[in-house]
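This one's a predicted model, so the numbers in the text were calculated from it and none came from an experiment.
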Amino acid sequence: MASKSGLDAIRNIGIMAHIDAGKTTTTERILFYSGRVHKIGEVDKGTATMDWMSQEQERGITITSAATACKWNDVIINIIDTPGHVDFTVEVERSLRVLDGAIGIFCAVAGVQPQSETVWRQADRYNVPRIAYINKMDRIGAEFFAAVKMIEEKLGANPVPIQLPIGKEDSFEGVLDLIARKAYVYTDDKGEHYNIRDLTDDEANDVQRHRNVMLEKLAEFDDNILEKYLEGLDISEEEINRSLRISTIANQLVPVLCGSSFKNKGVQMLLEAVVNYLPSPLDMPPVKGAHPQTGEILERHPDIDEPFCALAFKVAVDSYVGKLTYFRIYSGNLKTGAYVINPGKARRERITKILRMHANHREEIEEARAGDIVAGVGLKDTVTGDTLCTEKHEILLESINFPEPVIDVAIEPKTKADQDKIGESLKKLAEEDPTFRAKMDEESGQTIISGMGELHLEIIVDRLLREFKVNANVGKPQVSYKETIKKRSRAEYQFEKQTGGRGQFGHVVLELHPAGEGQGKRFTDRSAPEQIPKEFVPAVEIGVMESLQAGILAGYPVDDLEVDLIGGSYHEVDSSELAYKIAAAMAIKEALQNAETVLLEPVMDIEIICPEEYVGDVISDLNARRGRVFSLEENRESKLVKGSVPLAETFGYATSLRSLTQGRASFSMLLKNYAEVPESKSKEIIARRYGLPV
């Protein structure tokens, strides 16, 4: 699609924001004005191109990131529209990992909302250059400069308005361009036609004042602009655009535009800004990785003559072509039918088809090149975060980290046929979504599915019943608790079994230490080779890790601890891997008994926006849920309550908050950490776990 010299005519961008800020609506307009679609889709009517899942159309929200491509001024723009709901934050994470730039969309009324902060921090983590678009300028209460100020204060960004709105609320009719010093006034409802006119005297004064602010900010990073600005010389549009592009790509500042996507105003200028200021693959530093065998650090430049290298960032099950693997190509080229290596798994894979995706529509292509974002068919073992490369030039790129699920639901198939079907369906869903897990509860025989929140699991269950046609009974959501230890402990276990022939012998001494919060489980071998031969140590580690899957308090996974193998012994004839595995498992159980085990529960950061008159009721309700309030901030006409609350106390909170505030409050939650459960609550959870009276 792009020749070697044409890489500068590609933009790989994401659209990210808080839920309901207008991401999908803006994407629909981009597709319409670029000629990719001939009819504007609407989220509210369920006709948005990018929200193609029935679950998305019914709820009016984006659940899965959708990829598409369009063309503007001969530049190919690959777009990924990401979800705004916190339960699907992994979709944003994996999209940002492979994108070169992003548009952050903000509501002109609400400004920076809680999930806007989350996605902005994710983009910070991957150093993704951004432009900001203040949407909904037609809404009552729209304030352009208040939103810009919030971007600066709440996100720690360096926003630079390059446009001003003409009017606001009902009178919003277009934008003033600070660079060209012209007014763009829209003349029809579809936004296809606008007049470019000279500025009025009042507008000229406004534009000059804000243009000077823009030039001063650019002068901080550009000596040429600084010199001309201080000497009072005229600075051309080309010089400003070049300087803005360099500073944006270096993440030194964020150009800010405005408009109303729903009313079809301002989107063409947003497309111009994407082309002018966001990076092409050539502007990005070479991607780094390690050689899978030697660990040597390697680089791949965005060049079709370099060896092929790509990162898989999404897996989707397509009813027509089967498993689709989305990947971003960083270097080289790939042809249909080619073989590639998945170095992380040491597997050879064949690409039977290469598809360019437009939401859920597919366009088959023969070849993809550096800079492209495409989907491949035929990859059996590749999952999200895996590297793909050529056989002779292996490289392993950094994978993607995913948060652990925090909420469980039990699901029981109704018939034997459903039992067989559910296993295959859950496997497909887990391949698509790395934050979704499924496991069998040995005691109850139920299948337990885990996810990031109530809505996440609701969507999974809905897809199981409708898309995969599984008939099942679904339980109520339950919290994913964990167990951990409070003090050091030591245990020794000798497993010895004599049968007619060869016996079994395994002897280990283990020491357990509490680890810091979020440190996970670590196993270290500190034994001497004469105590336990090194070939048996992996078996000890497997025994340890398997035992930590179920703790002694209530059978929840044990986390945040270090296990040291400090000694043991062996028998020259009878020692075996199985014996050491059993010995390790028994030693862990014994050590946990003496390590003061406690229950941990997920605690959520919560932000509630509500009218002032309801703040007292909201705070007392939060306190009754074992929540804590950290701060109370002004948020335009409302108040922003920031605090934390245990996840267990938040089921049904949306309904409760609506009734408390007559439907005028909204909230968002994000996993903060795991904290120790109070003793009285812990006894209640354990009793319920074993079916005892509470």
Which distance, rounded to the nearest 0.5 Å, do you find between the CE of Met604 and the OH of Tyr653?
13.0 Å
Short N-O contact, Glu349 and Lys380, less than 4.0 angstrom
no
Atom pair CG (Asp124) and CD (Glu117), whose distance is rounded to the nearest 0.5 Å
11.0 Å
Reported CG-to-CG distance for the pair Leu397 and Leu311, which is rounded to 0.5 angstrom
5.5 Å
Counting only heavy atoms not in Arg628, do more than 12 fall under 6.0 Å of its CZ?
no
Give, for atom CZ of Phe308 and atom OG of Ser331, the distance between the pair rounded to the nearest 0.5 Å.
8.0 Å
Determine, for Tyr556 and Arg689, whether the Lys NZ or Arg CZ falls below 6.0 Å from the six-membered ring centre while staying within 45 degrees of the axis.
yes
More than 12 heavy atoms of other residues, nucleotides or ligands under 6.0 Å from NZ of Lys288: is that the case?
no
With a 4.5 Å cut-off on side-chain heavy atoms, are Leu99 and Tyr126 touching?
no
Ala583 and Gly506: which non-hydrogen atoms are nearest, and at how many Å?
CB-O, 3.6 Å
Does the pair Lys581/Glu546 count as a salt bridge with the N-to-O cut at 4.0 Å?
yes
If the plane angle is over 60° it's perpendicular, under 30° parallel, otherwise tilted; pick one for His571 and Phe505.
tilted
How close do Gly567 and Ile532 get, counting heavy atoms only, and between which atoms?
O-CD1, 3.5 Å
Will you find, in the side chains of Arg437 and Ser480, an N or O donor that is under 3.5 Å from an N or O acceptor?
no
Within a 6.0 Å radius of atom NZ on Lys392, are there more than 12 heavy atoms belonging to other residues, nucleotides or ligands?
no
Test side chain to side chain contact (heavy atoms under 4.5 Å, CB included) on Tyr493 and His507; report intermediate values, then the result.
CA-CA 6 Å; Tyr493 195 89; His507 172 217; over 6 Å; no
Salt bridge (Lys or Arg N to Asp or Glu O under 4.0 Å) between Arg526 and Glu511, intermediate numbers included
CA-CA 10 Å; Arg526 301 192 193 283; Glu511 201 165 73; over 6 Å; no
Could you walk me through whether Val479 and Phe651 satisfy the side chain to side chain contact (heavy atoms under 4.5 Å, CB included) test, starting with their C-alpha distance in whole Å, then the side-chain angles of each, then the deciding distance to 0.1 Å, before giving a yes or no?
CA-CA 10 Å; Val479 174; Phe651 294 137; 3.9 Å; yes
Nearest 0.5 Å, what's the CG-CD distance between Leu647 and Glu601?
8.5 Å
Decide whether Thr484 and Asp559 meet the rule of one side-chain donor and one side-chain acceptor closer than 3.5 Å.
no
Give a yes or no answer on whether the side chain of Ser489 reaches the backbone of Leu592 with a donor-acceptor pair at less than 3.5 Å.
no
I'd like to know whether Ser527 forms a side chain to side chain contact (heavy atoms under 4.5 Å, CB included) with Lys534, so could you lay out the CA-CA distance, the side-chain angles of the two residues, the decisive distance to 0.1 Å, and finally the verdict.
CA-CA 9 Å; Ser527 65; Lys534 291 305 170 195; 3.8 Å; yes
Closest non-hydrogen atoms of Ile395 and Cys309, given as atom of the first, atom of the second and distance, are CG2-SG, 3.9 Å
For Leu510 and Ala584, work out which heavy atoms get closest and say how close.
CD1-O, 3.8 Å
More than 12 heavy atoms of other groups within 6.0 Å of Glu679 CD:
no
Check Glu530 against Tyr570 and note the closest heavy-atom contact, atom names and distance.
O-CE2, 3.5 Å
Sort and list the pairs that fulfil salt bridge (charged side-chain N to carboxylate O under 4.0 Å, His left out) and have at least one residue in residues 644-655, not counting sequence neighbours.
Arg626-Glu649, Glu649-Lys681
So if I apply the side chain to side chain donor-acceptor pair (under 3.5 Å) rule between Asp564 and each of Arg490, His513, Arg522, which one comes out positive?
His513
Are there more than 12 heavy atoms of other residues, nucleotides or ligands under 6.0 Å from atom CD of Glu391?
yes
Is the closest side-chain heavy-atom distance between Val508 and Phe495 below 4.5 Å?
no
Is it the case that atom CZ in Arg125 sees more than 12 heavy atoms from other parts of the structure closer than 6.0 Å?
yes
Nearest 0.5 Å please: distance from the CD atom of Glu412 over to the CD1 atom of Ile422.
9.5 Å
Please determine whether a side-chain nitrogen of the Lys or Arg among Asp381 and Lys345 lies less than 4.0 Å from a carboxylate oxygen of the Asp or Glu.
no
If I compare all heavy atoms of Phe327 with all of Gly376, which pair ends up nearest, and what's the gap?
CE2-N, 3.6 Å
